[in-house]
Amino acid sequence: MGGLATAVVALALTLTPGASPGSTNTVTAVSPGSRPGLVVFRTALLTAAPFWLFLLLLHDLPTTIAIGLRVTTMVASFVWVVGALPPPRLVEAMVAAGWSASVAYVFAATLAAAPVLRARARRIADAQRCRGLSARGGLAHRLRALWALALPLILSSLHEVDERALALETRRLVPGARRTSLSPPPDRGAERLARWGLVAACAAALGWRLR
Amino acid sequence: MTAALRLDGVSFSYGVVQVLADVSLVLAPGERVALLGRNGAGKSTLVRLVTGLARPAAGTVWVGDWDTRDHSPDVLARRVGSVFQHADQQLFARTLEDDVAFGPRALGFERSDVAGRVARALDALELGAQAREHPYDLPPALRKLAALAGALALEPALLVLDEPTAGLDRALRARVTRALLERAGRAGAGGGGAALLVITHDLTFAAELLDRALVLDRGRLACDESLAGLLGAAARLETLGLLRPPVAELSTALDLPGRPIRAADAARVLARVAGGRADP
């Protein structure tokens, strides 16, 4: 029952106005005209669905439900966080709260990486198809096609590392440097309270599980 | 003669947002056409329709006598060579010549034919000296040329290029111009040279290479006329969000005969005028 309740809460959060799939800050895709809240909700459901399938193949129904609800909670929570948090604002908030700018950037970049990589993968797939690449045929042919899709993605991403490093350096995102925030996001009392409440709830849940 | 490209009443939407509305146009073999318009006007979507990456909601896109609905992009690649923005990200082979050969090999051309196509493409873009280098050892501008060489090596009847000169300096832009002029002028599939459909915001480059202008405005074909005619109409260019290139500006300011838009043509006319032999 507890698992069901937390999964419902997590899924409900994906329908809140804060969870809107922006252009650069989320793992969720949106096509013009679609309703943002539903897109985040649908992304959470679609991401969780394969887990349910594999759990059902491996376990009996009660275990599948028990683990599946936990997985759904985790997935929906993550999708919600990603949908609600613009990474640049997250960096600002973390720097304003006294975190190292490098740590804040690494955290935000992780959130921002998925949509960037996905867009790039799509561009590469389109370009290779227009160069005559077909994913049809035997296994060897498909593997070659996969090579032509995956390798440019990896190479171009690795190649970008230098440029990113240089960009970070020019912005003083280097170890030991102290940055200040120009316009830190407001951190209201209620938000601080909610944050510490969630940390306490997590600690309590952990303690309860380990007792 | 069959058109290299024909769009008959083509419309396309992303969800409820209409991006192209009832667009009709024809490109003859060897024709060199600029596709202009503001950001979001529908230019890139039109390219996706031509390459078969998207299908029209209404109307038909014909590449030669092929309806793009009936062919996947990898099949259409026999007739349409394309270079997208960020084309340098598609490179992956160990050497530049291997990467340029990827398309012709994927289309199943004979080994000797592939070698010839690669050599011609690299020669056209003056990349022979870098043929054995790893694409990622090349500067970004040359990687862009490498991607263009990949499209040239397909030797298609239609080349569709999305911002081919973005990030290129003047010398490299001139290289691209020469290569594309040569390709458009050369006899190829369909009797004429390759037709060019080039998305660009670089009207100086467009003036040097292209003859005809198609302007998309909020998904509709707002203008289809000679590029020289369009570049002569400063007010219209402004309403379309386009900036007139310096040579066209100079031609108008000096009221040069024939209002040339290409640097070489303008220089010739100026020389004639200076020598007192200007056309009446």
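A note on names: the letters A, B, ... follow the listed sequences, proteins ahead of strands, and every chain is numbered from 1.
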Under 4.5 Å, counting heavy-atom pairs only, tell me which of R129(A), Q128(A), R120(A), H141(A) racks up the most with chain B.
R129(A)
Can you confirm whether R94(B) is buried at CZ, in the sense that more than 12 heavy atoms of other residues, nucleotides or ligands lie under 6.0 Å from that atom?
no
Do other residues, nucleotides or ligands put more than 12 heavy atoms under 6.0 Å from the CZ atom of R111(B)?
no
V80(B) versus chain A, heavy atoms under 4.5 Å apart: side chain, backbone, both or neither?
backbone
Atom CG of L149(A) and atom CZ of F92(B): how far apart are they, to the nearest 0.5 Å?
8.5 Å
Does any heavy atom of chain A fall under 4.5 Å from the side chain of R78(B), the backbone, both, or neither of them?
neither
Using a cut-off of 6.0 Å, state whether more than 12 heavy atoms not belonging to R220(B) lie near its atom CZ.
no
Between R131(A) and A106(B), the two heavy atoms sitting closest are O-CB, 4.0 Å
Residue among G150(B), G103(B), A151(B) with most heavy-atom pairs under 4.5 Å to chain A
G103(B)
Chain B: which of A148(A), S134(A), P152(A), A145(A) shares the most heavy-atom pairs with it under 4.5 Å?
P152(A)
Rounded distance [0.5 Å steps], CZ in R123(A) versus CD in Q90(B)
11.0 Å
Structural part of D99(B) lying under 4.5 Å from a heavy atom of chain A
both
For Y136(B), is it the side chain, the backbone, both or neither that has a heavy atom under 4.5 Å from a heavy atom of chain A?
both
S13(B) versus chain A, heavy atoms under 4.5 Å apart: side chain, backbone, both or neither?
neither
Bottom line for L155(A): the part with an atom under 4.5 Å from chain B's heavy atoms is both
Relative to chain B, which of A125(A), A127(A), C130(A) shows the most heavy atom pairs under 4.5 Å?
C130(A)
Identify the two heavy atoms, one from D126(A) and one from R48(B), that lie closest to each other, and give their separation to 0.1 Å.
OD2-NH1, 2.8 Å
Got a second to check how far R122(A)'s CZ is from L53(B)'s CG, nearest 0.5 Å?
9.0 Å
